[in-house]
Amino acid sequence: MRDVTSAQSALLDWYDAHARVMPWRVGPAERRAGIVPDPYRVWLSEVMLQQTTVAAVREKYLRFTALWPRVEDLAAEEDATVMAEWAGLGYYARARNLLKCARVVAVEHSGVFPDTRDALLGLPGIGPYTAAAIAAIAFDRPETVVDGNVERVVSRLYDIHTPLPEAKPELTSVAEALTPTQRPGDHAQAMMDLGATICTPRRPACGICPLIAECAARVAGTAADLPKKSPKTAKPTRLGIAYVAQREDGAVLLETRPPRGLLGGMLGWPGTEWNDAPVAAPPLEADWQQVPGEVRHTFTHFHLRLALQVAVVPADTQTTRGGFHGRADFRPAALPTVMRKAWDLASSALPPL
DNA sequence: CAGTCGTGGGA
DNA sequence: TTCCCAAGACT
């Protein structure tokens with residue numbers, strides 16, 4: 001980096017011309033016309049975008065804002081309904097904290113989001129990145145957002161070879177030095193747009209980068225190799241068995257998983273623990289049949305191979321574990337993906353209604 | 001601090 | 001097939 005001021009203006013000029021259009025974004029032209037973002041929508045989009053692609057978020061965001069236009073609407077919703085709508089997006093603790101946060105804002109803040117980074121940091125599901133993002137984007141405060149894009153952009157601008165996550169404090173420090181007092185919200189979004197479209201992880205498009213004259217890695221020829229990252233450990237494989245019971249009237253047995261941990265709070269098929277040697281654990285007495293094949297699914301830190309057993313049970317079957325869901329109400333899309341995959345395989349082995 | 005916590009798309 | 005990774009937070 002040779003000239004911070006030049007970099008800031010070059011980046012904002014580029015953003016004015018090339019800002020991505022997204023449903024939750026107030027673009028540079030609109031902002032200039034005096035349109036201000038809705039903090040509720042900025043917050044909702046930022047939580048959804050945590051470790052999640054823009055493509056995956058777009059539909060979910062539109063669905064959520066259509067169902068719940070204001071934070072009070074979301075706060076008043078049933079937990080199970082929100083979890084079902086979040087299904088498929090992953091990292092389900094986000095949905096649990098989303099509801100907690102909505103209720104705190106609705107009840108304790110009269111539906112008005114705090115407008116400072118420090119106050120936002122105290123809310124459930126809002127960490128350093130999201131607090132800074134809301135403060136900068138929704139309230140145009142001079143806060144510095146540091147996400148994966150920003151880490152990549154600044155590690156290249158300054159040709160920093162320290163591996164992540166060790167480099168995080170240093171990258172944060174230089175990112176802060178780059179944050180302007182004018183248009184900090186647009187600057188934050190510009191940094192992320194640059195990282196997403198030009199300063200990409202592989203094959204960065206340095207030839208069209210607005211910061212090419214400021215980039216140390218470009219001079220050193222190291223851009224494509226940055227940021228350095230510590231090697232990650234291999235994923236183990238775990239095994240499990242899931243049980244899909246279908247009543248003669250078509251209802252299926254599902255349980256709500258415990259409120260914390262993997263897939264916490266989500267619907268799922270009863271089953272064994274997932275480990276090296278699962279012990280059979282059918283949820284009720286029945287003539288269980290093994291389904292040919294298995295479900296393969298990869299989570300963040302392990303691979304899962306899930307065997308499936310199915311059974312047809314009488315319409316008056318009682319259960320102490322989970323509950324039967326009438327087939328008219330049962331939506332596979334309300335299940336987390338691994339459970340939806342299990343349904344796809346199990347249903348092929350069940351008799352048609 | 002290092003582990004936990006999803007998913008789908010692209011190379 | 002396998003690996004990487006995408007606007008991280010929480011413990």
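Just so we're on the same page: letters track the sequence lines, and every chain starts at 1.
Heavy atoms only, all atoms of each residue included: I126(A) and C101(A) are closest at CD1-SG, 4.2 Å.
Residue-level contact check: T53(A) touches the bases, meaning some heavy atom is under 4.0 Å from a base atom. Within the nucleic acid shown, G88(A) comes within 4.0 Å of sugar-phosphate atoms alone, with no base atom in reach, counting heavy atoms only. In this structure, M339(A) reaches neither bases nor backbone, as no heavy-atom distance under 4.0 Å exists between it and the strands shown. In this structure, W86(A) reaches neither bases nor backbone, as no heavy-atom distance under 4.0 Å exists between it and the strands shown.
Distances shown here put every side-chain N or O of Y91(A) at or beyond 4.0 Å from the OP1 or OP2 atom of dT4(B). The phosphate of dG8(C) (OP1 or OP2) has a side-chain N or O of Q51(A) nearer than 4.0 angstrom. Phosphate proximity of dG6(B) to H297(A): absent, as no side-chain N or O sits under 4.0 Å from OP1 or OP2. Look at R340(A) and you'll find a side-chain N or O under 4.0 angstrom from OP1 or OP2 of dG8(B). The phosphate of dA6(C) has OP1 or OP2 within less than 4.0 Å of a side-chain N or O from R152(A). Between T298(A) and dT7(B) there is no side-chain polar atom (N or O) within less than 4.0 angstrom of OP1 or OP2. Distances shown here put a side-chain N or O of H301(A) below 4.0 Å from the OP1 or OP2 atom of dC5(B).
The distance between atom NZ of K232(A) and atom P of dC4(C), rounded to the nearest whole Å, is 6 Å. When rounded to the nearest whole Å, the span between CZ of F299(A) and C1' of dC4(C) equals 19 Å. Distance CG (L306(A)) to C1' (dG6(B)): 15 Å, rounded to an integer number of Å. Atom-to-atom, CG of L262(A) to C1' of dG3(B) comes out at 13 Å; the value is rounded to the nearest Å. dC5(B) atom C1' lies 12 Å from atom CE of M83(A), rounded to whole Å. The nearest whole Å value for the distance from the CG atom in L226(A) to the P atom in dC5(C) is 13 Å. Atom-to-atom, CE of M192(A) to P of dA6(C) comes out at 14 Å; the value is rounded to the nearest Å. dG8(C) atom C1' lies 16 Å from atom CH2 of W43(A), rounded to whole Å.
In terms of polar N and O atoms assigned as donor or acceptor, the side chain of Y129(A) never comes within less than 3.5 Å of the base of dG8(C) in a complementary pairing. For T300(A) and dG6(B), a side-chain-to-base donor-acceptor distance below 3.5 Å is present, hydrogens and geometry of angles not being considered. If you check distances only, the side chain of T52(A) does reach the base of dG6(B) with a donor-acceptor pair under 3.5 Å.
The side-chain heavy atoms of R94(A) and T52(A), taken from C-beta on, include a pair separated by under 4.5 Å.
Annotation: of the two residues near DNA chain C, P124(A) and L49(A), the 5′-most nearest-nucleotide partner is L49(A). Between P165(A) and L89(A), the residue anchored closer to the 5' end of DNA chain B is P165(A), taking for each the nucleotide with the nearest heavy atom. Projected onto DNA chain C by closest heavy-atom contact, K235(A) and Q50(A) fall at different nucleotides, the more 5' of which corresponds to K235(A).
Below 30°, between 30° and 60°, or above 60°: for Y40(A) and F113(A) the angle between ring planes is between 30° and 60°, a tilted geometry.
Using atom P as the reference point in both dA6(C) and dC5(B), the two lie 22 Å apart (nearest Å). Spacing of P atoms, dG8(B) relative to dA9(C), comes out at 22 Å, to the nearest Å.
A salt bridge links R103(A) to D79(A): one of the charged nitrogens lies within less than 4.0 Å of a carboxylate oxygen. Taking the charged nitrogens against the carboxylate oxygens, R70(A) and D73(A) do have a contact shorter than 4.0 Å, which makes a salt bridge.
A donor-acceptor contact shorter than 3.5 Å links the side chain of R25(A) to the backbone of R20(A).
In this structure, F299(A) has its ring center closer than 6.0 angstrom to the ring center of F302(A).
Listed nucleotides dC10(C), dA6(C), dT7(B) differ in distance to P201(A); the shortest reach to its side chain belongs to dA6(C).
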